[in-house]
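First up is the structure itself, then whatever we jot down about it.
Here the structure is a predicted model, which means the values were calculated and not measured. Just follow the structure's listing: the first ligand is 1, and inside any ligand the first atom is 1. Sequence positions, counted from 1, serve as the residue numbers for this chain.
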Amino acid sequence: MSVFEPNIEFARNLDLDDPLANFRDRFVINDPDLLYMDGNSLGRLPKQSIQTSEDIIQGQWGKRLIRGWGEGWFDSPERVGAKIARLIGASPDEVIVADSTSVNLFKLVVSALNYQKDRKTLITDNLNFPSDLYILQGVIEHLGSGHKIEVIESSEGIHGPVIDIKQALGLDTALLTLSHVVFKSGFLYDLQELTEAAHQVGALVLWDLSHSVGVVPIDLASAGVDLAVGCTYKYLNGGPGAPAFIYMQRDLQKAFQNPVSGWMGSEKMFDFNLDYHPDPGIRKFLTGTPTILSLSLIEPGVDILLEASIKAVREKSEKQIAYLIKLYNHRLDELGFQLNSPKVPERRGSHISISHPEGWRINRALIDKMNVIPDFRAPDNIRLGVSPLYTRYEDIFHVVERIRKVMVDEIYKNYSHEMPSVT
Ligand SMILES: *Cc1c(COP(=O)(O)O)cnc(C)c1O
């Protein structure tokens, strides 16, 4: 790469050198001027998903009706799970698609606490996704057996409190659960290091991969991870509300029970036995009938990622985030912004957070006037996510220039301080 210059020619040269540049054509891009920096909340629509949805709705549902269950629907939680397994270093029989990330977390946490009978402490951090903390709180209240949650605090809200977590782990720790990439700052935990630390004291580990799957290389097998959950509508581009996945290490599957025991997770569901006998494998973590329409739409996005390779995606993501931070330093830092993400590339996921006392109004102006979609996390963080399959260097250049324009021309002053409920 030639020496960095904060101009459009430099960005265009980076795009010309980009081995993944052609993958952008696999996605629906209706408005080429729109700078979409929120692929870490909802990924773009793969063109293939339009065809797939026509096939599922008209071809399969329309023509095959209930016969569809025997023609691929019934097996789709495992089939799509097996594909996701390839993105996270798991075996095909260790991953299944079901429900939402939050619900799956509930199932796995209850299951893990029941397994770890004599241990009463759950450890997590204050950078975790709020829903994850709500689920933990709900689980211990529901179990009513004296569990407690230790929420280890990050001193500056950016880096995971790794040293303090290691110190907190002990013989009473039943479970350590963390988000692999932190949703606000983009901090990336060393999954192997913390998994080993937890195992040293006999604790189980559950990783939430929602913000890392599809953009960060993950090897659950070599790290010896016990449990994981993750989302499919972010970097996997599975579509709004697409079901999530569950990973459970094979040796644990026999002893772990799904607390939401339904017929789809039973061993011989069509025997219509009145007593529940769970499937011995990962399928026991299913509960009710899978959402076939949205489940089927996960596959096209995962196929694109497998074709591009996570390694290449990560390389581009690191390069793009480094480029974004360089532009930030040249063009935004002096305007009262603060960078709230790790400085070292190895500890970053694929988004950064920048804050400004006027963050909310700047965000409104970007969406309303500048055709930029970032996302906003209270109280004053603007998140900028890079999705290497479709984000161009040129887009990153323009995002920074448009943010600068909002500041220099004081465009944000036309917006109110009031916040609506969905951001
Ligand atoms: C996006 C995300 C979720 C989403 O959970 P849902 O149950 O799908 O609403 C959960 N955890 C993390 C860390 C996330 O980033």
Side-chain angles (χ1 to χ4, degrees), residues 37-44 77 80-81 84 87-88 96-110 122-139 149 151-152 154 157-158 160 175-189 191 194 205-216 218 220 225 227-247 260 285 287-288 290-291 294-295 297-298 301 317 341 348-353 374-378 381 383-387 421-423:
M37 303 303 282
D38 209 3
N40 54 310
S41 279
L42 177 65
R44 279 189 181 272
V80 180
I84 294 172
L87 298 175
I88 58 178
I96 198 148
V97 176
D99 306 310
S100 64
T101 303
S102 303
V103 170
N104 290 334
L105 190 66
F106 177 88
K107 295 189 289 192
L108 292 191
V109 173
V110 170
L122 290 91
I123 295 182
T124 185
D125 68 8
N126 68 335
L127 304 180
N128 207 344
F129 195 65
S131 187
D132 292 38
L133 292 171
Y134 305 159
I135 294 290
L136 298 182
Q137 291 158 17
V139 166
I149 306 169
V151 182
I152 312 296
S154 160
I158 297 175
L175 180 70
L176 169 66
T177 180
L178 296 166
S179 287
H180 187 201
V181 168
V182 165
F183 81 102
K184 231 185 230 179
S185 70
F187 174 78
L188 167 66
Y189 270 106
L191 182 140
L194 279 152
V205 184
L206 193 169
W207 288 99
D208 186 334
L209 307 174
S210 294
H211 262 82
S212 58
V213 65
V215 79
V216 173
I218 299 168
L220 298 182
V225 171
L227 308 160
V229 292
C231 179
T232 63
Y233 50 77
K234 294 171 181 168
Y235 295 106
L236 301 191
N237 305 304
F245 63 89
I246 288 177
Y247 157 87
V260 199
F285 280 90
T287 297
T291 53
S294 51
L295 173 46
L297 295 187
I298 297 171
S317 157
S341 293
R348 289 197 294 251
S350 204
H351 67 276
I352 62 164
S353 249
D375 86 5
F376 184 79
R377 286 296 173 262
N381 278 285
R383 288 195 313 180
L384 301 170
V386 157
S387 296
S421 58
V422 177
T423 62

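- Counting atoms of ligand 1 from 1 in the listed order, those under 4.0 Å from a heavy atom of Lys234 are 1 (C), 2 (C), 3 (C), 14 (C), 15 (O).
- Counting protein heavy atoms only, atom 7 (O) of ligand 1 is closest to Ser102 OG, 2.6 Å.
- A pairwise comparison of heavy atoms in Val205 and Val225 identifies O-CG1, 4.3 Å as the closest pair.
- Thr101 CB, 3.5 Å is the protein heavy atom nearest to atom 5 (O) of ligand 1.
- Interface atoms of ligand 1 facing Ser210, defined by a heavy-atom separation under 4.0 Å, are 2 (C), 3 (C), 10 (C), 11 (N), 12 (C), 13 (C), 14 (C), 15 (O).
- Counting all heavy atoms, side chain and backbone alike, Ala98 lies closest to Lys107 at CB-NZ, 4.2 Å.
- Screening Thr232, Leu236, Val229 for a side-chain contact (heavy atoms from CB on, under 4.5 Å) involving Val213 leaves a single residue, Leu236.
- In summary, the atoms of ligand 1 found under 4.0 Å from a heavy atom of Ser100, numbered by their order in the structure, are 7 (O).
- For the pair Ser212 (side chain) and Val181 (backbone), a donor-acceptor distance under 3.5 Å is absent.
- The protein heavy atom nearest to atom 10 (C) of ligand 1 is Phe129 CD2, 3.4 Å.
- Listed by number with element, the atoms of ligand 1 under 4.0 Å from a non-hydrogen atom of Asp132 are 10 (C), 11 (N).
- In this structure, the side chain of Ser353 engages the main chain of Lys184 through a donor-acceptor pair within 3.5 Å.
- Of all the heavy atoms of Asp208, the ones lying under 4.0 Å from any atom of ligand 1 belong exclusively to the side chain.
- Smallest separation of non-hydrogen atoms from Pro243 and Thr291: CG-OG1, 3.6 Å.
- Numbered from 1 in the order shown, with element, the atoms of ligand 1 that lie under 4.0 Å from a heavy atom of Tyr233 read 1 (C), 4 (C), 5 (O), 6 (P), 8 (O), 9 (O).
- A side-chain contact (heavy atoms from CB on, under 4.5 Å) with Thr177 is found for one member of Asp208, Leu133, Leu136 and no other, namely Leu136.
- Distances shorter than 4.0 angstrom occur between a heavy atom of Ser179 and an atom of ligand 1.
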